[in-house]
Trainee: 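Next up is a structure, given as structure tokens.
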Amino acid sequence: MIKITLPDGNIKEVNKGTTSLEIAISISDGLARNVLCASVNGELWDLDRPIHEDSSLKLHTWSDSEGKKCFWHSTAHIMAEALEELYPGVKFGIGPAIENGFYYDIDLNGKILSSDNFSKIESKMKELSSMKLKFERKKVSKKQAYSYFEAKGDEYKLELIENLNEGDITFYTQGNFTDLCKGPHIPSSEKIKAIKLLNVAGAYWRGDENRKQLTRIYGISFPKQKELINYLDFLEQAKKRDHRKIGKEMELFTFSQKVGQGLPMWLPKGTKLKEKLENFLKEAQEKAGYLPVTTPHIGNKELYIQSGHYDKYGEDSFQPIKTPNDGEEFFLKPMNCPHHCEIYVSKQYSYKDLPIRLAEFGTVYRYEQSGELHGLTRVRGFTQDDAHIFARPDQLKEEFINVIDLVLFIFNALGFTEFKTQISLRDKENKEKYIGSDDNWEKAEQAIIEASKEKKLDTVVEYGEAAFYGPKLDFMVKDAIGREWQLGTIQVDYNLPERFELEYIGPDNKKHRPVMIHRAPFGSMERFIAVLIEHCNGNFPIWLAPEQFIILPISEKYHDYAEKVLSFLKKYDICGPIDRRAETTGRKIRDAEVSKLPYIIIVGEKEVERDVITIRKHGGEDLGSMSVDAFKNLIKKEIRSIIKFNN
RNA sequence: GCCGAUGUAGCUCAGAGGUAGAGCGUUUCCUUGGUAAGGAAGAGGUCACGGGUUCAAUUCCCGUCAUUGGCUCCA
């Protein structure tokens with residue numbers, strides 16, 4: 001007999017050689033039906049693998065990520081089998097489960113596969129999965145493995161085998177398909193009830209752009225048809241919220257081929273939104289002791305040689321602008337920090353003056369590869385809500401806390417209630433990769449860790465993810481439909497103070513080097529607005545909405561009254577249009593709802609008589625009639641209700 | 001940059017080797033209305049751009065540009 005310890009601490013005595021599935025059956029029928037794979041002493045196992053010694057056991061179902069991963073990975077094998085039947089000679093790269101589904105990289109020997117082929121592959125997969133195929137595990141020697149794939153002519157698998165250790169190699173076979181795989185797999189293919197292939201893309205073998213590009217097919221599968229429908233619905237929702245679509249519909253921004261790809265242009269309404277956001281942050285920053293500065297859009301090549309950016313990016317970036325006579329070279333600025341460093345050196349500072357916090361909504365230009373551009377989230381010209389804090393090393397932690405406070409305030413005000421942070425530290429094994437003294441790094445890393453702890457941030461620490469010039473703290477928010485976005489960042493920099501020879505006079509009357517913090521709570525205005533649009537589905541909070549209302553006169557007779565209402569509200573910086581079309585009220589209401597205006601003001605005979613307006617909120621709530629002044633107060637109150645920083 | 005897909009009216013899209021269509025929007029007229037689509041008529045397109053095949057190309061082929069799904073990269 002052996003002892004099996006379950007996650008709840010219960011210990012089961014079973015015969016040696018009992019499988020996880022048998023244990024699941026002994027616990028409950030439901031569990032036996034739903035279990036997909038198991039962790040035996042922390043290692044993922046198939047359910048039919050006999051257990052020979054005392055072990056801890058955790059059974060995985062669809063409700064945990066191990067279960068899902070196992071399920072999706074098994075579906076990838078089914079897809080591979082289907083592909084092999086449909087396209088004989090196809091070679092396989094890797095086919096893992098991912099966060100949402102799975103993919104398989106395949107080499108079709110030059111044959112092109114597009115989404116038009118999906119339904120054929122899906123039907124074949126469904127046919128295979130309904131055959132109740134078992135995934136059978138088999139230990140093989142390196143030599144056996146090698147000769148199997150050599151016979152098949154699959155050089156990708158051969159390459160994978162080369163990197164495996166003798167004794168660790170297993171094959172899995174289901175139906176007519178055998179794959180190199182460490183498993184585990186679900187007990188039977190029949191559990192896969194719903195399959196959807198999602199898209200096809202090119203992917204370099206082993207992520208190396210110098211190697212062959214394979215065809216990657218993405219898909220997802222579920223144990224119930226209903227779950228697939230829900231998932232497809234989620235994708236549909238996400239599509240409806242797409243900032244590119246809403247941006248067009250609400251006339252926020254546009255692109256022009258003639259202006260250039262990746263160069264967004266803000267339309268009047270989008271500009272209004274962007275300005276409101278900027279003003280909101282400016283106000284908060286002013287209270288937090290930032291000093292606004294303004295710098296030019298270009299900088300001399302020398303500046304970037306000194307900053308080190310020229311060396312690193314000069315060749316792969318936008319090429320310099322040359323002056324006609326003196327042969328001077330200027331670059332569009334790809335970041336604001338070198339300019340800000342030069343502002344810092346324009347004056348001498350005492351240790352008592354620090355920290356100096358220079359803030360600028362600086363528009364920068366970066367050459368991004370054409371395939372990487374995407375709406376407002378990935379562009380070639382964008383405005384950073386940038387600031388650089390020049391501080392004494394002993395002020396690092398306090399400054400970090402201040403910046404974290406500011407970021408949290410902003411997230412809170414904008415309704416991003418769920419977020420995570422990541423601390424990126426040095427790779428302790430390769431310290432030579434980084435600039436700055438060991439001591440300084442140690443201090444900076446501690447400062448970030450302690451500041452995050454004090455602010456009780458939900459933090460992941462990643463070693464080796466720091467930039468070469470300093471550690472950083474990144475913020476990831478979760479939007480209204482559960483997607484994660486990376487936004488703000490706070491980075492310590494030891495490199496630029498060094499390169500620009502930044503100094504302050506210490507209490508010892510000697511020169512000391514300050515440390516720099518780069519920080520951008522939004523990251524870029526463009527990207528942030530894109531996230532905000534998708535988060536609130538275009539229904540901006542009233543204080544950000546480009547227009548707060550629309551006035552709907554019941555008929556032409558009330559246009560004058562509508563004008564009167566409008567000009568009153570305008571005085572209080574509350575704005576919106578009048579719908580003067582000769583349409584029915586029902587029609588005007590519908591159009592107003594579709595255009596996401598926060599308030600609908602209706603004026604007709606009743607209103608004119610009593611000198612009031614009737615208010616309907618976006619979404620249908622009826623607020624009844626009130627005086628224009630009362631409405632103004634209502635809006636003002638709602639706008640004021642956003643939390644003020646440091647108030 | 002690489003692989004795949006796409007590019008037709010302001011927007012969303014249909015279409016065929018014989019130089020184009022729908023819905024929405026817009027314009028004009030009728031209707032003067034009370035909480036999610038009133039009616040009628042009209043305007044609007046070098047079918048992304050450049051080549052090629054063809055009697056004929058917007059349609060087929062090639063190239064370019066842009067958009068898009070990924071890959072790679074990201075100060």
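Hydrogens, waters and symmetry mates play no part in the numbers below; they use all other heavy atoms, side chains included. Remember, predicted model here, so these are calculated numbers, not experimental data. Residue numbers begin at 1 in each chain, while the letters A, B, ... track the order of the sequences.
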Trainee: Could you work out the separation of C29(B) and G34(B) based on their P atoms and round it to a whole Å?
Mentor: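 Approximately 23 Å lies between the P atom of C29(B) and that of G34(B).
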
Trainee: If the cut-off is 4.0 Å, is Lys588(A) near the phosphate of G34(B), judged by side-chain N/O to OP1 or OP2?
Mentor: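 No, Lys588(A) has no side-chain N/O under 4.0 Å of OP1/OP2 on G34(B).
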
Trainee: Assess whether a salt bridge exists between Glu360(A) and Lys333(A), defined as any Lys/Arg side-chain N lying under 4.0 Å from an Asp/Glu carboxylate O.
Mentor: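 Counted as a salt bridge, because a side-chain N and a carboxylate O are separated by less than 4.0 Å.
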
Trainee: Between G34(B), U12(B), C71(B), which nucleotide has the shortest distance from any of its atoms to the side chain of Thr585(A)?
Mentor: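 The answer is G34(B).
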
Trainee: Just checking Ala592(A): base, sugar-phosphate only, or nothing, at a heavy-atom cut-off of under 4.0 Å?
Mentor: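 Since no nucleic acid heavy atom lies under 4.0 Å of Ala592(A), the category is nothing.
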
Trainee: So Tyr365(A) and His297(A), would you call those rings parallel, tilted or perpendicular, with 30° and 60° as cut-offs?
Mentor: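 Answer is tilted, since the angle falls between 30° and 60°.
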
Trainee: Specify the residues of residues 195-202 of chain A, ordered by number, for which at least one heavy atom lies under 4.0 angstrom from an atom of RNA chain B.
Mentor: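 Output list: Asn199(A), Val200(A), Ala201(A), Gly202(A).
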
Trainee: If you check the Pro334(A) side chain, which of A75(B), G70(B), C30(B) turns out closest?
Mentor: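 Side chain of Pro334(A) sits closest to A75(B).
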
Trainee: Say you draw a straight line from OH of Tyr469(A) to CG of Asp493(A); how long is it, rounded to the nearest 0.5 Å?
Mentor: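 It comes to 6.0 Å.
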
Trainee: If you look at every strand shown and take non-hydrogen atoms under 4.0 Å, does Glu583(A) touch a base, only sugar-phosphate, or nothing?
Mentor: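 The residue Glu583(A) makes base contact.
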
Trainee: Would you mind classifying the nucleic acid contact of Arg616(A) as base, sugar-phosphate or nothing, using non-hydrogen atoms under 4.0 angstrom?
Mentor: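 Base, at least one base atom sits under 4.0 Å.
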
Trainee: Looking only at side-chain N and O atoms, does Ser595(A) offer a donor or acceptor that is under 3.5 Å from a partner on Glu593(A)?
Mentor: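 No pair is found: no donor N or O on one side chain lies under 3.5 Å from an acceptor on the other.
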
Trainee: Give a yes or no on whether a salt bridge exists between Glu621(A) and Arg616(A), defined as a side-chain N under 4.0 angstrom from a carboxylate O.
Mentor: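 Salt bridge between Glu621(A) and Arg616(A), a charged N being under 4.0 Å from a carboxylate O: no.
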
Trainee: Pairing of RNA chain B as dot-bracket, 5' to 3': ( ) intra-strand, [ ] crossing, | other strand, . unpaired, with Watson-Crick or G-U pairs under 3.5 Å?
Mentor: (((((((..((((....[..)))).(((((.......))))).....(((((..]....))))))))))))....

Trainee: At 4.0 Å (heavy atoms only), tell me whether Thr614(A) reaches a base, stays on the sugar-phosphate, or touches nothing.
Mentor: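 The answer is base, as Thr614(A) lies within the cut-off (heavy atoms under 4.0 Å) of a base atom.
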
Trainee: From A75(B), G33(B), A36(B), pick the nucleotide closest to the side chain of Ser555(A)?
Mentor: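 So the nucleotide nearest the side chain must be G33(B).
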
Trainee: If I pick the P atom on U35(B) and the same atom on U8(B), what distance separates them, to the nearest angstrom?
Mentor: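 Each nucleotide's P atom is 40 Å from the other's.
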
Trainee: Spell out protein contact along nucleotides 62-68 of chain B as letters: B when the base is contacted, S when just the sugar-phosphate is, - when no protein heavy atom is under 4.0 Å; keep the 5' to 3' order.
Mentor: ---SSSS

Trainee: For Glu534(A) and His243(A), test the side chains for any donor-to-acceptor distance below 3.5 angstrom and give the result as yes or no.
Mentor: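 Yes, side-chain donor-acceptor contact under 3.5 Å.
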
Trainee: So, OP1 or OP2 of G69(B): does either fall under 4.0 Å of a side-chain N or O from Tyr103(A)?
Mentor: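 No, no such contact exists.
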
Trainee: Just checking Gly207(A): base, sugar-phosphate only, or nothing, at a heavy-atom cut-off of under 4.0 Å?
Mentor: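 Result for Gly207(A) = sugar-phosphate.
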
Trainee: On the six-membered ring of Tyr204(A), is Arg211(A) placed so that its NZ or CZ lies under 6.0 angstrom from the centre and within 45° of the ring axis?
Mentor: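 No, cation not above the ring by the 6.0 Å, 45° rule.
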
Trainee: Looking at Trp205(A), Tyr104(A), Tyr103(A), which one forms a ring pair (Phe, Tyr, Trp, His ring centres under 6.0 Å) with Phe92(A)?
Mentor: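 Single ring pair (Phe, Tyr, Trp, His ring centres under 6.0 Å) partner of Phe92(A) among Trp205(A), Tyr104(A), Tyr103(A): Tyr104(A).
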
Trainee: With distance as the sole criterion, do the side chain of Gln213(A) and the base of C2(B) form a donor-acceptor contact below 3.5 Å?
Mentor: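 For Gln213(A), whose side chain was compared with the base of C2(B), there is a donor-acceptor pair (under 3.5 Å).
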
Trainee: Check whether any side-chain nitrogen or oxygen of Tyr313(A) sits under 4.0 Å from OP1 or OP2 of A75(B), and answer yes or no.
Mentor: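 Indeed, a polar side-chain atom of Tyr313(A) lies that close.
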
Trainee: How is Glu607(A) classified with respect to the nucleic acid when contacts are heavy atoms under 4.0 Å: base, sugar-phosphate, or nothing?
Mentor: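 It contacts base atoms.
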
Trainee: Quick one about Asp105(A) and Tyr156(A) (side-chain donor to acceptor, distance below 3.5 Å, no hydrogens or angles considered), yes or no?
Mentor: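 No - no donor-acceptor pair under 3.5 Å links their side chains.
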
Trainee: Can the ring centres of Phe331(A) and Tyr310(A) be said to be less than 6.0 Å apart?
Mentor: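 Yes, close enough.
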
Trainee: What nucleotide among A36(B), C74(B), C11(B) has an atom nearest to a side-chain atom of Arg378(A)?
Mentor: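 When the side chain of Arg378(A) is considered, C74(B) is the closest of A36(B), C74(B), C11(B).
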
Trainee: Does a salt bridge link Lys420(A) with Glu484(A), judged by any charged N lying under 4.0 Å from a carboxylate O?
Mentor: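 Result for this pair is yes, salt bridge flagged.
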
Trainee: With no hydrogens and no angle check, just 3.5 Å: does a side-chain donor-acceptor pair link Asp233(A) and Asn230(A)?
Mentor: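 Asp233(A) vs Asn230(A): no donor-acceptor pair found between side chains.
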
Trainee: So, OP1 or OP2 of G38(B): does either fall under 4.0 Å of a side-chain N or O from Thr584(A)?
Mentor: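 Checking Thr584(A) against G38(B): at least one side-chain N or O falls below 4.0 Å of OP1 or OP2.
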
Trainee: Between the base of G33(B) and the side chain of Tyr558(A), is there a donor and acceptor pair under 3.5 angstrom?
Mentor: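 Flag unset: no donor-acceptor pair detected.
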
